[in-house]
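Here's the structure we're looking at; comments come further down.
Numbering of ligands and ligand atoms starts at 1, following listing order.
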Amino acid sequence: MTRLFISDLHLNERQPTVTEGFFRFLRDRAQGVEALYILGDFFDAWIGDDDRSELSTAVAQALSALAESGTRIYLMHGNRDFLIGNEFARACGAELLPDPSVINLYGRPALLMHGDSLCTRDAEYMAFRRRVRSPQWQAEVLSLPLDKRRELAAHMRSQSQSMNSNKAQDIMDVTPREVEKAMRKERTDLLIHGHTHRPARHPLDLNGQPGERIVLGDWHERGWCLVAQPGVLQLESWEL
Ligand code: OKV
Ligand code: MN
C-alpha cells in the first residue's frame, strides 16, 4: 500500500535529464504503487492538448502503461499547465483532479492543491490567475492557432520574469493565514502542495490542534516525491 505525490517537474524539451529522470522514476519507484498524484506544473507550458509533441506522446505512453498495470493516476493543473484537458488526461490513463481536492489518505483526510492559490499576497498574480483560469479566456486562447498560442505563452513568460524580479521572496510564498483558512474550510489537518519550490514539512498549529503542510519539490536539480503508506509520510529526494 503506497501512494506517491509529485509536482513541478516542468517537463520541457530543453531539459532531457528531467524527462529521463521521470521515466526512471516511473519504472523504478512508481511500479506497483496504488496511486500517483501529479499536483501541477507537470509541464513547463501546456498550450493545448492539440499540441502533440514527441515529449507529450512519450509521457502519455509511459503513464498509460503504468495505469494499465493497475496504478491510478491523478493530474492536477498548475499555473503553467492549466490548459491540460480531458483528451491528454485520457491518453495518460489519468483523471483530472480539481484544485483543491480532499482525498482519504489511509483514513486521514488530506487536502491536495497546486499551491499557487495560497500565494494571496501577490495580488497581481491572483488577478492574472483568475483571468487565465476563466473558461472564457481559455476558450478564446484555445481557438488561436498553435503558433499564436506559443507566441503568447512566451510573451507572458518574459512578462512574468521581469515582474517577479521586483517581488520580494515572501510575497511569492504561501500566506500562512490562507493555509489555515483552506484547511479549516476542508476540515483537514494535512495539506500537500507544490508550486513554491521550497520542499519542506511544516508543522502547524490549527486552533490548538496539530497539523502539517508538506511542500513538494521541483525537479530542476533533483527528483522529489512524497511517499504515503498507512501511518507513514516520507518526503524523498534523489539525484536525477
Ligand atoms: C505567471 C504572470 C506569466 C502575473 C500560457 C498556455 C497561453 C501557459 C501559459 C505562460 C506564462 C503562466 C502560464 C506567468 C504570472 C505571467 C504574466 C503576468 C500578473 C498559455 C499555457 F495561453 F499563452 F497559451 N503561461 N506563465 N503574470 O510565466 O508562469 O502574475 S508564467
Ligand atoms: Mn507552479
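Taking a cut-off of under 4.0 Å to the non-hydrogen atoms of Arg80, the atoms of ligand 1 that pass are 8 (C), 13 (C), 21 (C), 28 (O), 29 (O). Proximity to Leu83 (heavy-atom distance under 4.0 Å) selects the following atoms of ligand 1: 6 (C). Distances below 4.0 Å separate heavy atoms of Gln159 from the following atoms of ligand 1: 17 (C). Taking a cut-off of under 4.0 Å to the non-hydrogen atoms of Leu152, the atoms of ligand 1 that pass are 22 (F), 23 (F). Atom numbering of ligand 1 starts at 1 in the shown order; those under 4.0 Å from a heavy atom of Trp46 are 6 (C), 21 (C).
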Evaluate the side chain to side chain contact (heavy atoms under 4.5 Å, CB included) criterion for residues Val132 and Met156: first the C-alpha distance (whole Å), next the side-chain angles of each, then the deciding distance (0.1 Å), finally the verdict. CA-CA 11 Å; Val132 301; Met156 284 162 65; 4.2 Å; yes

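Seen from the Mn ion (ligand 2), atom OD2 of Asp41 and atom ND1 of His195 lie 160° apart in angle, a value rounded to 10°.
Judged by the 6.0 Å distance and 45° axis criteria, Arg133 is not positioned over the aromatic ring of Phe128.
A donor-acceptor pair shorter than 3.5 Å can be found between the side chains of Asn79 and His195. In this model, no donor atom of one side chain and acceptor atom of the other lie less than 3.5 Å apart for His114 and Asp116.
Looking at Ser160, Ser162, Ala123, Gly78 and measuring to atom 14 (C) of ligand 1, the nearest heavy atom belongs to Ser160. Taking each of Glu124, Lys167, Arg157, Met172 in turn, the one with a heavy atom nearest to atom 28 (O) of ligand 1 proves to be Arg157. Comparing heavy-atom distances from atom 13 (C) of ligand 1 across Asn79, Asp51, Asp44 singles out Asn79 as nearest.
With a 4.0 Å cut-off on non-hydrogen atoms, Met163 touches ligand 1 through its side chain and not its backbone. Here Tyr125 has heavy atoms under 4.0 Å from ligand 1 in both its backbone and its side chain. Contacts of Ala45 with ligand 1, taken as heavy-atom pairs under 4.0 Å, are absent altogether.
Shown here for Pro100 and Glu186, the closest heavy-atom pair between the two residues is CG-OE2, 4.0 Å.
Ser64 places a side-chain N or O within 3.5 Å of a backbone atom of Ala60 that can act as its donor or acceptor partner. Looking only at distances, a side-chain donor or acceptor of Asp49 sits under 3.5 Å from a matching main-chain atom of Gly85. Between the side chain of Thr188 and the backbone N or O of Ala110, no donor-acceptor pair lies under 3.5 Å. Side-chain atoms of Asp44 do not come within 3.5 Å of backbone N or O of Leu11 as any donor-acceptor pair.
Scanning the protein heavy atoms around atom 20 (C) of ligand 1, the nearest turns out to be Ala153 CB, 3.9 Å. Among all protein heavy atoms, the one lying closest to atom 18 (C) of ligand 1 is Phe128 CD1, 3.5 Å. Annotation: atom 22 (F) of ligand 1 to nearest protein heavy atom, Trp137 CH2, 3.1 Å. Looking only at heavy atoms of the protein, atom 11 (C) of ligand 1 is closest to Met156 CB, 3.6 Å. Distance from atom 9 (C) of ligand 1 to its nearest protein heavy atom, with residue and atom name: Phe82 CZ, 4.0 Å.
Salt-bridge formation is detected for the pair Arg72/Glu34: a Lys NZ or Arg NE/NH1/NH2 atom is positioned less than 4.0 Å from an Asp or Glu carboxylate oxygen.
Of all N, O or S atoms in His114, the one lying closest to the Mn ion (ligand 2) is NE2.
Using a 4.0 Å heavy-atom cutoff, Phe43 is absent from the residues neighbouring ligand 1.
Each of Val215, Ile192, Leu39 was scored for a side chain to side chain contact (heavy atoms under 4.5 Å, CB included) with Leu226, with one residue passing: Ile192.
Heavy-atom contacts from other residues, nucleotides or ligands closer than 6.0 Å to CD of Glu236 number more than 12.
Counting only heavy atoms, the protein gets under 4.0 Å from atom 30 (O) of ligand 1.
Coordination check, Asn79 versus the Mn ion (ligand 2): passed, since an N/O/S atom of the residue sits under 2.8 Å.
The aromatic ring centroids of Trp219 and Phe42 lie 6.0 Å or more from each other.
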